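Here is how names work: the chains are called A, B, and so on, in the same order as the sequence lines, proteins then strands, and each is numbered from 1. Bear in mind the structure is a predicted one, so any value in this text is a computation, not a measurement.
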Amino acid sequence: MPELPEVETVRQTLLQLVRNKTIERVSVHWGNIIKRPQDPNEFKRLLEGQTILDIERKGKFMIFNMNDLSLVSHLRMEGKFGVFDASEEKPKHTHVIFHFDDGTDLRYDDVRKFGTMHVFEKGEELKEKPLKQLGPDPFEDAFSLEYFHEKLQRTSRNIKSVLLDQAVVAGLGNIYVDEALFKARVHPERLANTLTKDEAERVRTASVDIINEAIRQGGSTIRSYINSQGQIGMFQQQLKVYGKENTGCPQCGTEITKLKVGGRGTHICPQCQS
DNA sequence: CTCAGTACCTGGTTGC
DNA sequence: TGCAACCAGGTACTGA
């Protein structure tokens with residue numbers, strides 16, 4: 001489901017609901033979600049008694065800061081967090097429940113079971129996978145033209161695959177890459193090392209603009225995304241090419257077409273993007 | 001090292 | 001209507 005704007009919206013809405021709550025007990029109904037420590041029982045034991053002090057985000061990962069530990073969570077395709085009264089029935093796809101000492105639960109729901117959770121000693125999370133390998137977020141100073149152009153020069157992959165590579169820039173996914181490349185007027189199959197510096201700058205600034213505007217609008221709801229207060233996003237109304245195949249390009253009227261790039265469904269205006 | 005292909009899962013949609 | 005094939009906001013692992 002979520003790319004950076006959706007994760008950021010979940011972070012903000014969820015923080016209001018769980019800040020300063022203390023975990024009394026954890027239940028795990030699908031152990032494969034838990035990646036570190038490997039044993040879910042150990043995971044449960046570690047988190048007992050911890051208080052959620054803050055939630056940060058890096059790329060598409062959320063980082064729950066607690067007294068002694070950091071919980072790193074990735075929602076992958078369909079993960080959701082919500083806070084419920086402990087008396088409410090457990091839905092079918094709830095896999096991890098953090099029971100607070102005030103009678104409420106933080107529940108992790110994930111139809112496809114792709115999401116991940118890692119627990120680290122506080123401060124260690126950035127030194128190890130999965131956070132260690134992430135590149136900068138799009139709006140960080142480190143995502144400069146020099147940095148980005150250099151990365152593009154060093155690979156012969158297509159530009160779409162490079163933008164999806166979280167080690168280059170963290171947070172872009174299939175929707176926002178298609179939108180950014182449309183805005184930058186660059187074809188997704190262009191080989192990265194053939195982009196001019198001007199094209200690289202167009203792609204870079206388009207990516208930053210799209211992500212910032214999508215955050216402002218609470219993300220995009222295409223099929224299932226909702227934030228932690230149960231609200232859908234609004235940015236899907238601004239999408240120009242993603243999911244718009246067989247409609248007219250808003251710039252030139254040419255029909256938007258869908259193709260596969262790097263195994264992912266990809267939407268372009270064949271006239272505007274070359 | 002880089003890269004394409006595949007695996008991980010469930011459910012909605014499409015096409016015969 | 002039934003059912004198989006394909007598709008989905010993602011990433012880790014494999015082997016060439």
- prompt: Between B:dA4 atom C1' and A:Asn158 atom CG, what is the distance in whole Å?
  reply: 11 Å

query: Would you call A:Phe114 stacked on B:dC8, i.e. ring centres under 5.5 Å apart with the planes less than 30° off parallel?
result: yes

- request: Check whether any side-chain N or O of A:Thr155 sits under 4.0 Å from OP1 or OP2 of B:dC3, and answer yes or no.
  value: yes

Protein-nucleotide distance (A:Ile33, atom CD1; B:dT10, atom C1'), rounded to Å: 12 Å

message: Does A:Gly265 reach a base, just sugar-phosphate, or nothing at all? Heavy atoms under 4.0 Å.
response: sugar-phosphate

message: By nearest atom, which of the nucleotides B:dG11, C:dA8, C:dT11 is closest to the A:Lys260 side chain?
response: C:dA8

- prompt: Rounding to the closest angstrom, what is the interatomic distance between C:dT11 and B:dG12 at atom C1'?
  reply: 23 Å

query: What integer distance in Å separates A:Lys80:NZ from C:dA8:P?
result: 17 Å

Below 4.0 Å: OP1/OP2 of C:dT11 and any side-chain N or O of A:Lys129: no

message: Under 4.0 Å, heavy atoms only, any strand: does A:Gln133 hit a base, just the sugar-phosphate, or nothing?
response: sugar-phosphate

Rounded distance in Å between the P positions of C:dC3 and B:dC9: 25 Å

Value in whole Å for how far the P atom of B:dT2 lies from NZ of A:Lys151: 9 Å

- request: Evaluate whether atom CG of A:Asp141 has more than 12 neighbouring non-hydrogen atoms of other residues, nucleotides or ligands under 6.0 angstrom away.
  value: no

Secondary structure of DNA chain B in dot-bracket form (Watson-Crick or G-U wobble, distances below 3.5 Å, | marking inter-strand pairs): .|||||||.|||||||

- prompt: Taking the side chain as C-beta and beyond, is there a heavy-atom pair between A:Val26 and A:His99 under 4.5 Å?
  reply: no

message: Mind checking if A:Asp110 touches a base, just sugar-phosphate, or nothing, with heavy atoms under 4.0 Å?
response: nothing

message: If I take atom CG in residue A:Asp165 and atom C1' in nucleotide C:dA12, what distance separates them, rounded to the nearest angstrom?
response: 13 Å

A:Phe61 CZ to C:dA12 P, straight-line distance once rounded to whole Å: 6 Å

query: Under the criterion side-chain contact (heavy atoms from CB on, under 4.5 Å), which of A:Val177, A:Val186, A:Ile268 is the partner of A:Lys160?
result: A:Val177

- prompt: For C:dG10, does either OP1 or OP2 sit under 4.0 Å from a side-chain N or O belonging to A:Gln166?
  reply: no

- prompt: How would you label the contact of A:Lys35 with the nucleic acid (heavy atoms, under 4.0 Å): base, sugar-phosphate, or nothing?
  reply: nothing

message: Between P on C:dA8 and CD on A:Glu3, what's the gap in Å once rounded to a whole number?
response: 13 Å

message: Strictly below 4.0 Å: does A:Lys113 bring a side-chain N or O up to OP1 or OP2 of B:dC8?
response: no

field: A:Ile63 side chain reached by A:Leu131 side chain, heavy atoms, under 4.5 Å
entry: yes

message: Could you walk me through whether A:Gln16 and A:Gln229 satisfy the side-chain contact (heavy atoms from CB on, under 4.5 Å) test, starting with their C-alpha distance in whole Å, then the side-chain angles of each, then the deciding distance to 0.1 Å, before giving a yes or no?
response: CA-CA 9 Å; A:Gln16 304 305 313; A:Gln229 293 173 356; 4.1 Å; yes

- prompt: Distance check: side-chain N/O of A:Arg76 vs OP1/OP2 of B:dC9, anything under 4.0 Å?
  reply: no

- prompt: OP1, OP2 of C:dT11 versus side-chain N and O of A:His74: anything below 4.0 Å?
  reply: yes

message: I'd like to check A:Leu181 versus A:His187 (side-chain heavy atoms, cut-off strictly below 4.5 Å). Are they in contact?
response: no

query: For C:dA8, does either OP1 or OP2 sit under 4.0 Å from a side-chain N or O belonging to A:Asn174?
result: no

Residues which pass ring pair (Phe, Tyr, Trp, His ring centres under 6.0 Å) with A:Phe98, listed by chain and number, not counting sequence neighbours: none

- request: Would you mind reading off the distance between A:Asp109 atom CG and B:dT10 atom P, rounded to a whole angstrom?
  value: 13 Å

message: For a quick check of understanding: with a heavy-atom distance under 4.0 Å over all strands, which category does A:Tyr176 fall into, base, sugar-phosphate or nothing?
response: nothing

task: Answer with yes or no after comparing the ring centroid distance for A:Tyr108 and A:His95 against a 6.0 Å cut-off, counting only values under it.
output: no

message: Take a 6.0 Å sphere around CD of A:Glu121 and say whether it holds more than 12 heavy atoms from other residues, nucleotides or ligands.
response: no

query: When we call it a touch if two heavy atoms are under 4.0 Å apart, what does A:Ser156 touch: a base, just sugar-phosphate, or nothing?
result: sugar-phosphate

